[in-house]
Amino acid sequence: MRRLVLLLLALPLTCLQAQDHKVRSFCWERLEVTSELDETPSAEALAFLAPYKEKVDSIMTPPLGLSRVAMKPGRPESLLGNWAADVMVEGSTATGLEPADMGLFNVGGLRNNMPEGIVRRGDIILISPFINYVVVLEMQGKDLLELMRDIASTGGEGVSSSVRMEITREGKLHSCTVGGKKIDPKRTYTVATIDYLAEGNDKMTALKKATKRHDTGLLARDVMMEYVLKHRVIDSKMEGRITFRE
C-alpha cells in the first residue's frame, strides 16, 4: 500500500486532475487467498496485528465439522452453489412452514471456497460475509417461471436439488421443473433465499413479485454454520440441476 501511495504522489498534478478519461472495458477474476501470500510477511505488520490476532482467532478458528469435498462457486452449476441453495431450503423451516419448494443463492454472494476437510467458522464467514438474512417468499407459478428466466439470463445461480433447468448459452430458458414437475402458473410456490435477492438485486427482479414474505431473522452465514454443526459431515455433488442445451 505504501508503494502505491508514493506512486500516486509522484504523478503530475495535471494527470490526477484529468477529466477526459473513459473506461473502455474491464475484466475480473476470483483470486483465492492462501498461505502463499504470507511467504514474506512484514515484521512491522505482524507486530501491529498481534494484539488483535487472539480475538480474531477465537472467532474464526473453532471447527464446525468436515466437508468431504472442496467446493467452489460457479455457473451454470457448482458444488458450492448447490450446497448453499440446499441449506436455504433446510433453513426455511425456521419460519414454521414446511421446507420451501426451492432454494436460491446467487453465485456473486458466495465470496470464497469451501475447503475439503475441517470446516471452521471462519470458512463460512468468508463464504458468506455479508449481512444477508434468510427469507421465504410465496410466489405464483407464473412469476416463478419469470424467476427461472432471470436465472437463465445470468448463466445460472445456485439452486436446490428440487430444481432442474435447461438453459442456452445465450441466457435463455429452455425448460425447467420444480419437484420433478413442470411449474403450474396458477399454483403458489415457496422460495427460500436471502433478503438481498428478495429485493430484486443481482438481476433476480421476479422475486419482487412475491405475494408474501416470511422473515426468519437469521443470517445466511449463521444458518450455514448451524447446518454444518447439525450434519457434522457435509457433501455436495454435481447433479445436472442447471445444464446448457446444446
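For this chain, numbers begin at 1 and follow the sequence in order. Heavy atoms only: backbone and side chains are in, while hydrogens, waters and symmetry mates are out.
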S.K.: Between Glu116 and Arg68, is there a side-chain N and carboxylate O pair less than 4.0 Å apart?
M.R.: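 Salt bridge flag = no for Arg68 with Glu116.
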S.K.: Taking all non-hydrogen atoms of both residues, which atom of Lys72 and which atom of Ser78 are closest, and how far apart?
M.R.: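 Looking at all heavy atoms of both residues, the shortest contact is O-CB, 3.2 Å.
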S.K.: Backbone N or O of Thr190 within a donor-acceptor pair of the Asp101 side chain at under 3.5 Å?
M.R.: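 At least one qualifying donor-acceptor pair exists.
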S.K.: Other residues, nucleotides and ligands only: do more than 12 of their heavy atoms fall within 6.0 Å of CG on Leu46?
M.R.: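 Yes, because the 6.0 Å sphere around CG of Leu46 holds more than 12 heavy atoms from other groups.
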S.K.: Using the rule given for side chain to side chain contact (heavy atoms under 4.5 Å, CB included), can you reason through Arg232 versus Leu66, listing the C-alpha separation, both sets of side-chain angles and the distance that settles it, and then say yes or no?
M.R.: CA-CA 6 Å; Arg232 303 304 296 171; Leu66 298 171; over 6 Å; no
S.K.: Without placing hydrogens or testing angles, list every side-chain donor-acceptor pair under 3.5 Å for residues 121-131, not counting sequence neighbours.
M.R.:
{"unit_1": "Arg121", "atom_1": "NH1", "unit_2": "Ile59", "atom_2": "O", "d": "2.7"}
{"unit_1": "Asp123", "atom_1": "OD2", "unit_2": "Arg120", "atom_2": "N", "d": "2.8"}

S.K.: To check you understand the geometry: which heavy-atom pair defines the closest contact between Gly240 and Arg164, and what is its length?
M.R.: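 Heavy atoms only, the tightest pair is O-CD, 3.3 Å.
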S.K.: Measure the CG-CG distance between Leu79 and Asn113 for me, rounded to the nearest 0.5 Å.
M.R.: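 If we round to the nearest 0.5 Å, Leu79:CG and Asn113:CG are 10.5 Å apart.
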S.K.: Is a side-chain N or O of Asp195 found less than 3.5 angstrom from the main chain of Tyr133, in a donor-acceptor match?
M.R.: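 Pair found, side chain donor or acceptor close to backbone of Tyr133.
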S.K.: Rounded to the nearest 0.5 Å, what separates atom CG in Asn132 from atom CG in Asn106?
M.R.: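 With rounding to 0.5 Å, CG (Asn132) is 7.5 Å from CG (Asn106).
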S.K.: Has Phe244 got more than 12 heavy atoms of other residues, nucleotides or ligands less than 6.0 Å from its CZ?
M.R.: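 For Phe244, atom CZ is crowded (more than 12 foreign heavy atoms under 6.0 Å).
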S.K.: Between Glu239 and Arg241, does any NZ, NE, NH1 or NH2 come within less than 4.0 Å of an OD or OE carboxylate oxygen?
M.R.: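 Yes.
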S.K.: Side chain to side chain contact (heavy atoms under 4.5 Å, CB included) for Lys237 and Asn82? Distances and angles first, verdict last.
M.R.: CA-CA 8 Å; Lys237 297 178 181 179; Asn82 287 357; over 6 Å; no
S.K.: Please name the pair of heavy atoms, one in Phe48 and one in Tyr52, separated by the smallest distance, quoted to 0.1 Å.
M.R.: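 Heavy-atom minimum between the residues: O-CE1, 3.5 Å.
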S.K.: Do Glu90 and Lys230 have side chains that get closer than 4.5 Å, going by heavy atoms?
M.R.: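 Yes; the side chains approach each other to less than 4.5 Å.
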S.K.: Can you tell me which residue among Glu146, Glu199, Glu138 is in a salt bridge (Lys or Arg N to Asp or Glu O under 4.0 Å) with Lys209?
M.R.: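 Looking at Glu146, Glu199, Glu138, the match for Lys209 under the salt bridge (Lys or Arg N to Asp or Glu O under 4.0 Å) is Glu146.
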S.K.: Run the side chain to side chain contact (heavy atoms under 4.5 Å, CB included) check on Arg213 and Leu137 step by step: do they pass?
M.R.: CA-CA 5 Å; Arg213 170 169 163 165; Leu137 304 176; 3.8 Å; yes
S.K.: Do you know which two heavy atoms are closest between Val107 and Pro73, and how far apart they sit?
M.R.: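 Shortest heavy-atom separation between Val107 and Pro73 comes out as CG1-CB, 4.2 Å.
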S.K.: What closest approach, in Å, do Glu157 and Leu104 show between heavy atoms, and which atom pair accounts for it?
M.R.: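 Shortest heavy-atom separation between Glu157 and Leu104 comes out as CB-CD1, 3.9 Å.
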S.K.: Between Ile167 and Lys172, is the side chain to side chain contact (heavy atoms under 4.5 Å, CB included) condition met? List the steps.
M.R.: CA-CA 6 Å; Ile167 65 176; Lys172 301 297 182 181; over 6 Å; no
S.K.: So, for Thr216 and Gly91, which heavy atoms are closest and what is the spacing to 0.1 Å?
M.R.: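 Minimum heavy-atom separation between Thr216 and Gly91: CG2-O, 4.3 Å.
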S.K.: Give a yes or no on whether the ring-centroid distance for Trp83 and Tyr227 is below 6.0 angstrom.
M.R.: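 Ring centres of Tyr227 and Trp83 closer than 6.0 Å.
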S.K.: Compare all side-chain heavy atoms of Thr177 with those of Ile183 and state whether any distance is below 4.5 angstrom.
M.R.: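 A side-chain contact is absent here, since even the closest heavy-atom pair is not under 4.5 Å.
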